[in-house]
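Right, one structure below, let's go through it.
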Amino acid sequence: METVVQQLQGVSINHYLIFCTIIFAIGVIGVLIRRNVIIIMMSIELMLNAVNLLLAAFSVQHGDSSGQVFVFFIMALAAAEVAVGLAIIIMVYRNTKSVDIDSLNKLRW
Amino acid sequence: MSELIWLIPLLPLIGFIVNGLGRNAFSKGMIGALGSAVVLISFICSCILFSEVYQSRQAGQAGVIEQHLFDWISVGHLKISLSFLVDPLSAIMLLIVTGIGFLIHIYSIGYMHHDSGFGKFFAYLNLFIFFMLLLVLGSNYLVMFIGWEGVGLCSYLLIGFWYKNTSYANAAKKAFVMNRIGDLGFLLAVFLILGTFGSLEFSTVFAGAKNFAVGDIAVVSITILLFIAATGKSAQIPLFTWLPDAMAGPTPVSALIHAATMVTAGIYMIARSNVLFVLSPITLQLISIIAICTALLAAAIAITQNDIKKVLAYSTVSQLGYMFLGLGVGAFTGAFFHVLTHAFFKALLFLGAGSVIHGMSNEQDMRKMGGLKKAMPITYVTMLIGTIAIAGIPPFSGFFSKDEILANAFAANPLLWGFGFLGALMTAFYMFRMLFMTFSGSFRGTDEQKHHLHESPKSMTIPLMVLAVLSVIGGAINLPGALGGNHWLENFLAPVFAEGKALIPAAHYLEHSTEYMLMAVSVVGVLIMVGLAYNVYVKRKQIPAGDEAPRGFLANLSYHKFYVDELYDAVVVRPINWLSTFFGQVVDQRGIDGIVNGAGKATFDTGKVLRLLQNGNVGFYLLMMVIGVIAIFVYGFLSL
């Protein structure tokens, strides 16, 4: 266990930053360009987890466990969000027979 | 009785409340009886009070009864109480107001009998009596001011009594607005008095006035403001044009308010404040000049008027001018004496005119009358007495009072006497012109009017007879020394004017021979004018031409009332109307409304544009959110 921690600490923080940024950007791009609601939700998960990973990395970097506590909160939150989100998507699908977000354009001026 | 002074104004107030509330429920007989009864009881109380004051005067005392009811305003050093003051001056005014008021109530029962607003009329009359009594009884300027405002209100209500007629309603408005201009003067004077003397009580103010030098700027300002107030209420130049228009009201109102009582409030107020006015010779001179101008102008207008009430209205303005002339030359007793006699004969003349109008089925144009002597004997005889009295033929009351004022004017300045004498000549001419046109010659109205012509009922003729008797003997209370009289009124009023008289630098005394000569000149002049009127209107049966007929320059000026109304219209009314239109249509509609509507329109238009963002496209929302987050980061990064 000690060696794993040491190895992890051996990876410089810059790598984490770059990696997380890439994943987060993929998430953002996925949200922006995809039309399937389920894929958009998956992209949102990507963004959340990019942040989680970064929080954990900083936590180790600083030797402060509060970052990891945050990660747990975010995971709980994400679980709840996914539950609600999927429920909404099911309802949408039942009504429109589609999960394309372009079909959700009734709320407008 | 002196503890019950408050009953005198309270009774008419009760009459007003009861009649006002029950005007539709009670029968006409009950309303008339109640309205008259409360004034009668007030009159009886006033008589008892008067006798107390009289006995006190006989015993050589000042005859002052004060009753303090309660402290009204008490703030720091400022203490204003509601209290009543009865002294010789207000005791006589009480008798005039309640006495003549009672007669006119009785008369109104007959005159207003056919009117649907009978109850309302009596309620207003009672309210007027209440306010007039408050004005007369108040022992400080503020209580007087309440009465002063109140009588103006009642005057407005009663002029506009037949408010469905637009021109009557406009006359009421005109009277109210012009009175308000004067009232503002009164209010400012009250503030100045409070600032100068620290109190509004007559006794404190007049005692404090002794510390002021003659011509002190504070006293001069106060007196000028008070005089402005008087010009409004008592119809003097420049605020006199409302009074002739006030004839739109029912005739008993013209008799009570616009001849006998309310319009003399200005004279009463100045006589009451004589100590202040004596300290300001400039104001007294101003009063004399304005008074003589008013007397002449109004008399000149009266000569060519054809409406019987208009003649009497201008005659009232003219006579009020004489009273102010008396005040201006320091003859306070003479002025008040004229108030008293004028109340008798002018109330009589107005009620007589009302009786004529009643008999003629609401005809007021004298050109359509004539020959009423036979049909209305009582009205004729009583009006003849009133006309003789106002023209100033001895031994009727008007002669003595006018003569006293003119004699005093002569002592002050013979020029004033000359103008006053000229006015007296015109008075005699237009009054007899009115009398001859109405009662002599042959009837000129329609057949229907001739058929309907009748003498008025008893309730109207009895007040006429009572007033006629008073007009004959009224002069006896202040017979001049030159005619072997004892100046009863002057002696009675002496304590009221004592302080003022003491301050007048040199009292004017006329030799008896001069007085005889003045009397002889005025009597002869008046008789010549009566003869002239007789010659024109009875012998030659000349009837004034119609409205459109060409007239000489002077006659035209007089017929059109010297174009004073037109002048005011051009100088004051139209610019104000123009300004109101400007503010109403430009500033309000474009400016204020523009701002308010502009705010609404701007919100609406912004919303119209911004709502396009809500296009329902979720992808677009997400893109915007990302752009927003990036923008926040960029902002945060830049502001580091």
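All chains are named by letter (A, B, ...) in the order of the sequence lines, taking the proteins before the strands, and each is independently numbered beginning at 1.
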Next on the checklist: One pair to check against side-chain contact (heavy atoms from CB on, under 4.5 Å): D102(A) and N617(B). What are the steps and the verdict?
Outcome noted: CA-CA 6 Å; D102(A) 285 343; N617(B) 190 339; 3.8 Å; yes
Checklist entry - So with a 6.0 Å cut-off around OH of Y621(B), is the heavy-atom count from everything else above 12? => result yes
Next on the checklist: Is it the case that over 12 heavy atoms from other parts of the model lie below 6.0 angstrom from the CZ atom of F176(B)?
Outcome noted: yes
Next on the checklist: Counting only heavy atoms from other residues, nucleotides and ligands, does the tally under 6.0 Å from OH of Y156(B) exceed 12?
Outcome noted: no
Checklist entry - By a 4.5 Å heavy-atom criterion (distance strictly below it), what part of V618(B) contacts chain A: side chain, backbone, both, or neither? => result both
Next on the checklist: Quick check on M47(A): does its CE atom have over 12 non-hydrogen neighbours (other residues, nucleotides or ligands) under 6.0 Å away?
Outcome noted: yes
Checklist entry - Atom CD1 of I101(A) and atom CZ of F620(B): how far apart are they, to the nearest 0.5 Å? => result 12.5 Å
Checklist outcome for this item: For residues 176-191 of chain B, the side chain to side chain donor-acceptor pair (under 3.5 Å) pairs (sequence neighbours left out) are W148(B)-D183(B), E149(B)-R180(B), N179(B)-K233(B)
Checklist entry - Which answer fits V31(A), side chain, backbone, both or neither, if we ask what part of it has an atom under 4.5 Å from a heavy atom of chain B? => result both
Checklist entry - Do L623(B) and L32(A) have side chains that get closer than 4.5 Å, going by heavy atoms? => result yes
